[in-house]
Amino acid sequence: MLTIGIADTTFARYNMGRAAIDEIQKNVSVKIKRVTVPGIKDLPVAAKKLIEEEGCDIVMALGMPGAKEQDKICAHEASQGLIMAQLMTNTHIIEVFVHENEGKDEKELAFLMDRRTREHALNVIKLLFKPDKLIQEAGTGQRQGFEDAGPLRM
Ligand SMILES: Cc1nc2c(=O)[nH]c(=O)nc-2n(C[C@H](O)[C@H](O)[C@H](O)CO)c1C
């Protein structure tokens, strides 16, 4: 049975790990390994350990960069670490970051954190089980969270 790794953070203001696991379990039967770390810069090694030590076939790295300038720098550093971990392990780590200032208020932020997490959980399922579905969606302007952008009209 395939294993999906879930890494999330205590810094985030919404339980993204719970939303991801709920969405995955609604759709497929897989093993899930979850780890929670303090913040997004701790996600790369957590994801790498899920792959190398826990045998995960793919990992979701879930986090919320804060609204301050240093948080944005932190998010960039975390992203670079996640890309490096993917290259070191030859395994997808799907980064799901929701910046704290993407929502106009707390309600919208919670909505966005839930939706983006769930939509990326569905992408993870497609990557593992239905890669042809992603090919069908190529160029369709998919977005996770708010409305899709849609394809260009010519
Ligand atoms: C400045 C900063 N900003 C964020 C953030 O926006 N989101 C987040 O999840 N974590 C942040 N952290 C914490 C670091 O990611 C990390 O947890 C600590 O540096 C300990 O390694 C830090 C230090």
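No hydrogens, no waters, no symmetry mates; every other heavy atom, side chains included, goes into these values. In this chain, residues are counted from 1 in sequence order.
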Taking atom [atom1] of [X] as the centre, report whether more than 12 heavy atoms of other residues, nucleotides or ligands fall under 6.0 Å from it.
| X | atom1 | result |
| --- | --- | --- |
| R34 | CZ | yes |
| Q70 | CD | yes |
| D105 | CG | yes |
| E106 | CD | no |
| K107 | NZ | no |
| K126 | NZ | yes |

Working to the nearest 0.5 angstrom, can you tell me the gap between [X] [atom1] and [Y] [atom2]?
| X | Y | atom1 | atom2 | result |
| --- | --- | --- | --- | --- |
| D148 | R143 | CG | CZ | 8.0 Å |
| H99 | D71 | NE2 | CG | 9.5 Å |
| E54 | I32 | CD | CD1 | 13.5 Å |
| E100 | M113 | CD | CE | 8.5 Å |
| E95 | Q86 | CD | CD | 8.5 Å |
| L87 | L82 | CG | CG | 11.0 Å |

Please test Q142 against Q144 for side-chain contact (heavy atoms from CB on, under 4.5 Å), starting from the C-alpha separation and ending with a verdict. CA-CA 7 Å; Q142 299 293 311; Q144 291 72 35; 4.2 Å; yes
V98 and T117: CA distance, side-chain angles, deciding distance, side-chain contact (heavy atoms from CB on, under 4.5 Å) verdict: CA-CA 9 Å; V98 180; T117 301; 5.6 Å; no
Do [X] and [Y] belong to the same hydrophobic cluster, where Ile, Leu, Val, Met, Phe, Trp and Tyr are linked whenever their side-chain heavy atoms lie under 4.5 Å apart, directly or via other members?
| X | Y | result |
| --- | --- | --- |
| I93 | V30 | no |
| V35 | I58 | no |
| L128 | L134 | yes |
| M16 | L50 | no |
| I94 | L43 | no |

I'd like to check [X] versus [Y] (side-chain heavy atoms, cut-off strictly below 4.5 Å). Are they in contact?
| X | Y | value |
| --- | --- | --- |
| T140 | E137 | yes |
| I6 | V59 | no |
| M64 | F11 | yes |
| N15 | D8 | yes |
| R116 | E119 | no |
| V45 | V37 | no |
| N101 | K72 | yes |
| M84 | P44 | no |

Which pair of non-hydrogen atoms, one from [X] and one from [Y], has the smallest distance, and what is that distance?
| X | Y | result |
| --- | --- | --- |
| T9 | G39 | CG2-C, 3.5 Å |
| K41 | C74 | CG-SG, 3.4 Å |
| E102 | F97 | OE2-O, 4.1 Å |
| A20 | L62 | CB-CD1, 4.0 Å |
| A85 | K48 | CB-CB, 4.4 Å |
| G139 | P151 | O-CB, 3.7 Å |

Ignoring hydrogens and geometry, is there a side-chain-to-backbone donor-acceptor pair from S79 to E77 under 3.5 Å?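 Checked: no pair found.
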Starting from the C-alpha separation in whole Å, work towards a yes-or-no answer on side-chain contact (heavy atoms from CB on, under 4.5 Å) for I4 and L2. CA-CA 7 Å; I4 299 179; L2 293 175; 5.9 Å; no
Using the side-chain contact (heavy atoms from CB on, under 4.5 Å) rule, take D114 and Y14 through it: C-alpha gap first, then chi angles, then the decisive distance, then the call. CA-CA 8 Å; D114 188 78; Y14 187 80; 2.7 Å; yes
Under 3.5 Å, is there a donor-acceptor pair linking the side chains of E23 and N27?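 Short answer, yes.
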